[in-house]
Every structure is written in C-alpha cells, then in structure tokens.
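Below is one structure, written out as structure tokens; the observations come after it.
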Amino acid sequence: MEIQKILISFKSGVITPMESDTLLSYIFAVDFPNTETIFQKFLKSQTVPFIFSNAMLAGELPRPLYFFDKKRETCLEEALAVELKRKKIKSANTIAMKKSDLLSLFEYGDFKSFESSSTQVNIAEFKNTLKRFGTWVATPYIIPSVRYVDWDLVVYVKIYDKNIFELFFSQMQKVLLQYGFGAWKSIWYGKIKSCALTKLTTEEEEVFDYIHYLRTQGKIYLLNNYKPAQEELLQIDKKFSTYQIHTKQAKMLGNQVFKWPLNFFAPWSVLQMKKWLDINKIYGDYYQSHQAFNFWYLF
C-alpha cells in the first residue's frame, strides 16, 4: 500500500463538495461501461484496489475534532494572553499539513501552536432568470456556497493495487476534464482545468506516517466519509471519541417518495477503538441502488 495525491485545478466555481464517496461514485456512474470490472473489486473489502480521501486544499488538513483528555493547569494571565488566538483557532476548519500541528493536539493538547489560514472562499452568487414565455421581467435568485479556489484541491489516494488504480485514473481524467464535476455543469460550474497524479512531499509523508501511528494506538483520525460495518461499529468507544455525523440522502429502489439517509462519520472526527482489529485490513462497506453508488471504506 502506498499513498499518492491527485491535484485537481478548477477553472470555474464549484457547487458540490468533492467528497470521497461522491467522487468515486460519480466516475463509476458516468463511465460505467469502462469501469465496471473495477467496480466489481469494491464489492468485497478484501479486494478494494484503492481508497480516496475527501478533497482538501493543498497544504491543509481538516482540523481534528478532538478534546485532549488530560487536565492542564493554566493561570489566568496565560489564558488571557492566548484568548484571541484560541477563538480564531476554534472557528477554523483547517490546520496546516504539518506533523507538528497534529502532535500539538494529540500528544500535548496545546492549541497555541496551531496555524490556520484557509484559502477557500465561499460566496453567494447572484443570478437573474427570465421566463421563456409571458412577461420579460427578470427574477433574481441566489446560488449559495459557490467555492472559488486559487490553489489546487488535493485528493489523497491509498493504492493497494497499482495496475487497477492506473486504469481507473485514466478514465477519471477523461470524465473530469470532459464533463467537469458537481451540480450545474450546464451553466459553467465545476469546470476542471487539470487532474494530475503526483507523489507526496516529505512533510505529507511525515503526516501520514503519524496518522498511521495513531491507528496502532486505536485512534482513527478521519479524512473521508466513513460508515463502519456493524462489527466495526461495536468496537468504537463512543465515550472517548469525538465525532460529527454527516447525513447524505441516497437514492432508493422503486418509487419511494423519500430518499434513504446515509449517516457517515465526517472527516475531522476522531474515533477511539476499544481494541484495534487489524491495522492492514480495509474497513467499511458500500451501497448500490440502480446507477447510484456510495462507498464508505475507511481511508
């Protein structure tokens, strides 16, 4: 197993968050005739050839939702001296891609050394619509949460079968460059300029080595949408875990009015296991309904 990264550069705003299960499912759904044999590999966890993380801004990680479990004595003067920085860190969604930042949190419980300066900007875009028939009166509306980035988005990939991944990645490039990604592609959102595979930097390697070390201690810091299988769920010590549930609505079989909710542990959650089973085993499962696929394997 090795970890590499996919750099994705947009040339327009993008509406849909690029999440691990959404990205993988999207490629399969759009190009299923050419990826069906690869899709079959995902139906059993022991044959999964690769796993995606959620997309992140280059050089950043989701800030771990973690509360240090050791009490630290702090005098009033020290607390006031870092209060403004503490509030800034509290409201931040990301931290720098540095092993030292993760060490500060997981080993020392020290928020003072964190650096966070997210480059992602969410804006509300104003539009006007005209009816095809009737009055020629423009009706204003707003597109919320349009994301514009000046740097690349990064998707990390754990590769267990290099040959299978290379076949998939060539199709992934074709789909993303030709069709784009996410909602409202017909009105020029989600247009992608480049999609390239590259090696990790030394700093990134240090970060992932440390995340792997945390797992040997039974602590899982999530970087993608993860839904444990039943036997895995029983191993999570919820008392010492800090997590957020991310609910998505999946398509259902038949003519159901309501969609079936999928409840994931969100990235930045930290799960404490009662006992770690096998550090080399792939955990998670998948969901399929017609041409809708949702994969929730643990990155």
Side-chain angles (χ1 to χ4, degrees), residues 13-30 39 42-43 45 48 51-57 60-67 90-95 118 120 122-124 142-147 153 155-156 158 181-185 189-190 219-274 282-299:
V14 59
I15 303 296
T16 306
M18 189 172 279
E19 299 174 349
S20 56
D21 57 305
T22 305
L23 178 60
L24 190 60
S25 304
Y26 175 69
I27 305 301
F28 281 134
V30 173
F39 170 80
F42 281 87
L43 304 189
S45 60
V48 169
I51 302 172
F52 284 151
S53 74
N54 280 25
M56 311 168 201
L57 288 166
E60 295 186 352
L61 285 169
R63 182 173 70 84
L65 185 66
Y66 183 68
F67 301 98
K90 178 184 176 182
S91 62
N93 293 322
T94 63
I95 62 173
S118 177
Q120 181 161 332
N122 292 341
I123 65 171
I142 297 175
I143 299 175
S145 298
V146 182
R147 298 165 183 85
L153 285 182
V155 175
Y156 294 97
K158 275 187 178 177
F181 176 80
W184 298 332
K185 292 187 291 292
Y189 286 93
K219 200 180 298 294
I220 302 175
Y221 166 38
L222 293 183
L223 296 178
N224 71 332
N225 294 336
Y226 170 51
K227 184 177 175 67
Q230 186 61 35
E231 62 273 16
E232 301 163 28
L233 190 61
L234 296 174
Q235 296 301 328
I236 297 174
D237 191 339
K238 299 180 181 64
K239 181 178 179 181
F240 296 103
S241 299
T242 49
Y243 55 86
Q244 184 172 333
I245 301 300
H246 177 34
T247 302
K248 303 179 75 170
Q249 303 297 327
K251 292 181 180 179
M252 293 188 68
L253 294 171
N255 298 317
Q256 299 288 339
V257 176
F258 298 104
K259 293 182 178 180
W260 178 46
L262 291 175
N263 296 310
F264 297 95
F265 285 109
W268 62 77
S269 299
V270 180
L271 306 178
Q272 179 66 53
M273 310 302 287
K274 296 175 183 177
I282 297 173
Y283 294 89
D285 207 341
Y286 83 102
Y287 162 83
Q288 175 185 356
S289 173
H290 298 297
Q291 289 296 308
F293 313 107
N294 291 87
F295 297 92
W296 45 67
Y297 292 107
L298 175 63
F299 180 83

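Below, all heavy atoms of this structure are taken into account, side chains as well, without hydrogens, waters or symmetry copies. Just so it is clear, the model here is predicted, and its values are computed rather than measured.
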If you take all heavy atoms of [X] and [Y], which pair is closest and at what distance?
X	Y	result
N225	S20	N-OG, 3.3 Å
S269	Q244	OG-N, 3.0 Å
Q272	S241	N-OG, 2.8 Å
L298	I51	O-CD1, 3.4 Å

**OP:** For residues L222 and V270, determine if any side-chain heavy atom of one lies less than 4.5 Å from a side-chain heavy atom of the other.
**Re:** no
Set of residues satisfying ring pair (Phe, Tyr, Trp, His ring centres under 6.0 Å) with respect to [X], sequence neighbours excluded:
X	answer
F264	W296
Y297	none
F42	F28, F50, F295
Y156	F208

**OP:** Report yes or no: does N224 contribute a side-chain atom to a donor-acceptor pair with the main-chain N or O of N54 at less than 3.5 Å?
**Re:** no
Original post:
Under 3.5 Å, is there a donor-acceptor pair between the side chain of E232 and the main chain of G284?
Top reply: yes
Using 0.5 Å steps for rounding, measure from the [atom1] atom of [X] to the [atom2] atom of [Y].
X	Y	atom1	atom2	value
R63	I95	CZ	CD1	8.5 Å
L223	L61	CG	CG	6.5 Å
D237	L271	CG	CG	10.5 Å
Y243	K238	OH	NZ	6.0 Å
L24	E19	CG	CD	13.0 Å
F265	L233	CZ	CG	6.0 Å

Original post:
Which is it for L153 and L57 under the side chain to side chain contact (heavy atoms under 4.5 Å, CB included) test, yes or no, and what are the steps along the way?
Top reply: CA-CA 5 Å; L153 285 182; L57 288 166; 3.7 Å; yes
Subject >> Check against salt bridge (Lys or Arg N to Asp or Glu O under 4.0 Å), D21 and K248 >> reply: CA-CA 11 Å; D21 57 305; K248 303 179 75 170; 2.9 Å; yes
Original post:
Do Y283 and Q235 have a side chain donor and acceptor closer than 3.5 Å?
Top reply: no
Subject >> By side chain to side chain contact (heavy atoms under 4.5 Å, CB included) - contacts of L234 (at least two apart) >> reply: Q230
Subject >> V155: partners by side chain to side chain contact (heavy atoms under 4.5 Å, CB included), with sequence neighbours left out >> reply: I6, I8, M18, L23, F52, S53, A55
